[in-house]
Amino acid sequence: MLSVKNVTKKYGKLVANNNLNFDIEDGKIGILMGPNGAGKSTIIKSIVGLLRYEGEIKINGFDNKSIEAKQILGYVPEFPAMYDLLTVGEHIEFISRLYNTFDKEYTDSLLERFDLMTKKDDLAKSLSKGMQQKLSIVCALAHKPKFVLFDEPIVGLDPHAIKEIKSLFSELKNQGATLLISTHMIDSVEDYWDEVNILVKGEIAASRTKKELDEKNENLEDLFFSVTEGKNNE
Amino acid sequence: MNRPLLYLSITSIKNGFLQFIKKPAKLIYAIIFIALFGLILFSADKGVNDQTIFRSVKELNAIVFALFTLIFILMSYNGFKQGGTFFSMSDVNLLFTSSLKSSTILNYGLIKQIRIALLTGIFLIFQYAWLHDLYNINIADIFIICLFYGLTVYFGNLSALLIYSKTSSNQNLKSKVKVVYFSLIGIFLISLLTFVIKQNNQPLFSLVEFVNSFGKYFPISGWISQIVIDIMQKESEFLLFIVLTVAYFLFAIIIFKRGDTNYYEDVLETTEASSNAISSQREGKIQETTKKNIKVGKIGIGKGEGPSVFYYKHLIENRRISAVGLDIMNIFLIAASLIFTFFMRKNEGMIIGSFFFTCYMEAFAVSRGRLNKELSKPFIYLAPWPSFKKLIFCLKESFQVYFKITLFITIITVWLLQLNSMVTAVAFFLGIYSFIFLLIGVNLIMGRIFGTASKTSWLLFYILATLILCIPGAGLSVLFILKNWLIVDENTTIMIMCALGNFITSAITFYFNRGVLEKAEYNN
């Protein structure tokens with residue numbers, strides 16, 4: 001589903017991503033981990049097509065900036081950017097019209113899950129940051145994307161929403177969607193992930209599948225600290 | 001001042017200065033700023049000679065009073081809503097939680113805010129050229145206006161803080177203060193209206209007369225504007241108004257300190273709001289400038305499939321943004337252009353002055369338009385439609401809104417200037433409308449180069465790109481004037497040639513930036 005080949009992203013002299021290579025297979029959940037400033041958000045934005053970069057990124061065999069790729073793509077940004085003057089319901093209508101996908105029952109169920117149904121007629125401007133994050137998640141999923149990128153999706157959410165998003169990860173996976181999640185919160189993904197890439201200083205410092213880790217009797221947290229704290233030079 | 005606060009103040013000023021050395025873009029920006037001011041000084045002197053008959057200085061007094069009073073009312077009224085602030089979020093998080101006395105921190109905030117407020121009037125120095133041409137003011141005068149404008153902002157903020165701290169927890173008192181507040185404004189307005197009606201003719205003349213005679217009695221902003229007027233006209237009466245203003249300052253501080261010293265809550269909401277606005281600006285986001293309570297009205301977008309939904313969404317946003325469906329910057333564009341034309345209407349060949357002034361004001365309005373707001377959110381980049389199609393539907397509302405605005409400005413300008421030539425009126429309309437296209441083209445270029453990141457050099461490049469794109473229109477105008485190929489007259493020829501040049505340049509810019517949504521970077 002996702003293929004990242006030789007991707008380098010520079011901001012002037014700063015190399016945010018240096019020659020990254022990784023794939024995520026169909027129906028799998030990929031995790032991007034790394035300390036602050038490792039370049040996780042940069043590669044996420046490059047995959048989504050929001051940044052210019054050197055290299056090649058393919059989604060389902062299509063160039064990531066092609067219309068075909070965008071049709072199956074959903075993106076939850078780190079910081080929600082909603083329209084102040086639209087209501088919650090109008091955001092959903094906007095996405096449905098933009099992608100020509102109308103499934104009221106499905107979008108209502110998303111609103112219900114994230115406690116937004118009662119706020120359907122409220123302006124986004126009036127929502128708290130956490131509620132805006134929930135709306136951002138609902139907007140990203142409203143057109144039933146096959147490939148969804150989450151950039152720090154847990155940050156700012158209340159326990160109920162965290163529970164919902166965790167179960168959403170497995171539901172989406174069971175429905176055949178591919179997910180790429182960038183997160184600091186190891187325990188939020190420990191039960192669901194299939195492949196992990198740990199970024200340090202813009203480079204992939206370690207890549208594992210869950211099977212590989214299980215075979216070595218390691219866990220994600222140990223791997224993360226061994227890589228980021230320099231105990232493992234892989 | 002307390003030692004840590006003194007250290008904080010000095011270090012902030014020192015680091016601010018060092019930024020100029022570390023970031024050459026800031027230094028270049030400052031040099032360009034000074035160069036632009038130099039250009040204004042140069043062009044201002046060109047427009048005045050021994051035969052120039054200046055307009056009555058009373059009009060200038062009225063303008064100063066109106067500007068100061070408007071900003072003072074707008075700022076002090078915040079006291080009934082979210083209060084005022086002299087602090088930043090770092091002050092809130094680090095100083096408010098420290099062991100320093102709240103009164104010491106307040107003193108620090110009051111001093112710090114003076115420095116910030118005084119800079120808010122800097123934009124007024126660019127009004128020097130036309131003020132010099134019309135009212136014969138000198139450079140010192142414009143700096144005095146800037147300085148005291150900043151002081152008015154400061155007092156507006158102080159009044160908001162005072163009102164909020166005393167009334168926020170007492171609804172009854174708030175209602176009483178509101179009555180007094182609006183009574184003062186009401187009495188002044190009724191007196192003004194009565195005076196104007198009694199004079200029977202020349203309403204503008206009466207209005208100016210009234211403000212010159214009674215404006216100084218309007219609290220705070222009236223006093224401050226009178227100080228400016230008296231200093232400019234070398235009258236000694238300003239000492240009285242300085243005493244009054246200082247007395248108000250002391251009164252406000254004493255009242256503020258006498259009450260509950262825990263004022264932290266009073267400044268928190270405004271500090272958070274201004275901090276959000278600053279971070280949004282840094283991230284290149286453009287916030288909607290709306291009133292606090294928005295009337296939602298009919299819910300639902302209702303129309304549009306695919307990229308056309310951007311257009312229908314914009315219509316809904318416009319409906320909610322204000323009662324007249326226009327962003328505050330567009331309202332300001334209309335008001336400023338027409339006020340300028342009104343005051344300049346008796347000058348010969350004024351149409352070209354109105355034309356250039358309106359174009360100048362358009363630059364501010366367009367940079368806050370729907371296109372840039374849309375570029376600061378991810379949706380337009382992610383939507384699975386061809387880039388150019390998305391762009392066109394994203395701009396459709398702007399084309400329509402600015403068509404109406406330009407038409408309105410044209411009609412009123414034609415009426416104010418009593419223009420007889422239909423060709424000149426059409427040229428005025430086309431020239432201004434074409435500049436909208438040109439500015440949108442500039443925004444596309446800026447989006448392509450800078451993405452959504454706000455950088456120090458952004459404004460500099462914005463001005464440079466605008467000037468470069470103006471060259472074809474300006475070149476055509478010069479060519480036609482030099483060759484004496486006139487259409488009606490020189491002014492009409494300039495406006496038509498500007499329109500022609502701008503439309504051609506915009507078409508080329510649009511063509512080369514049709515894929516901007518694939519090339520631009522979303523950095524938020």
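Scope of the values below: all heavy atoms of this structure, side chains included, with no hydrogens, waters or symmetry mates. By convention in this document, chain letters (A, B, ...) are assigned in the order of the sequence lines, proteins followed by strands, and residues within each chain are numbered from 1.
To the nearest 0.5 Å, atom CD of residue B:E317 and atom OH of residue A:Y83 are 7.0 Å apart. Note that CZ of B:F393 and CG of A:L98 are 11.5 Å apart. Values are rounded to the nearest 0.5 Å. Note that CZ of B:F310 and CZ of A:R97 are 13.5 Å apart. Values are rounded to the nearest 0.5 Å. Atom CD1 of B:I294 sits about 11.5 Å away from atom OG1 of A:T87, to the nearest 0.5 Å. To the nearest 0.5 Å, atoms CD1 (B:I301) and CG (A:L86) are separated by 5.5 Å. Taking CD of A:E90 as the start and OH of B:Y312 as the end, the distance is 15.5 Å to the nearest 0.5 Å.
Scored by the side-chain contact (heavy atoms from CB on, under 4.5 Å) test, A:E112 finds A:M117 as partners (sequence neighbours excluded). Residues satisfying the side-chain contact (heavy atoms from CB on, under 4.5 Å) test with A:K146, not counting sequence neighbours, are A:M1, A:I72.
Most heavy-atom pairs under 4.5 Å with chain A: of the set B:P378, B:A383, B:G304, B:G306, this distinction falls to B:G306. With chain A as partner, the option from B:S308, B:P307, B:A520, B:S387 having the largest number of non-hydrogen pairs under 4.5 angstrom is B:A520. In terms of heavy-atom pairs under 4.5 Å with chain A, the best-connected choice from B:E518, B:K519, B:K313, B:K303 is B:K313.
In this structure, the portions of A:L51 lying under 4.5 Å from any heavy atom of chain B include both its backbone and its side chain. In this structure, chain B has heavy atoms under 4.5 Å from both the backbone and the side chain of A:D121. With a threshold of 4.5 angstrom between heavy atoms, A:Y11 approaches chain B through side-chain atoms but not through N, CA, C or O. The contact between B:I316 and chain A is made entirely by side chain atoms (from C-beta outward), counting heavy-atom distances below 4.5 Å.
Counting heavy atoms from C-beta on, the side chains of B:E521 and A:K9 come closer than 4.5 Å. Side-chain contact between A:Y99 and B:L382 is present, with heavy atoms from C-beta onward closer than 4.5 Å.
Nearest heavy atoms, B:R320 versus A:L123: NH1-CD2, 3.9 Å. Across all non-hydrogen atoms, the minimal contact from A:E93 to B:G300 is OE1-CA, 3.3 Å.
The aromatic rings of A:F94 and B:F379 sit perpendicular, their planes meeting at an angle over 60°, well past the 30° parallel limit.
Distance alone, capped at 3.5 Å, is enough to place a donor-acceptor pair between the A:K70 side chain and the B:Y381 backbone.
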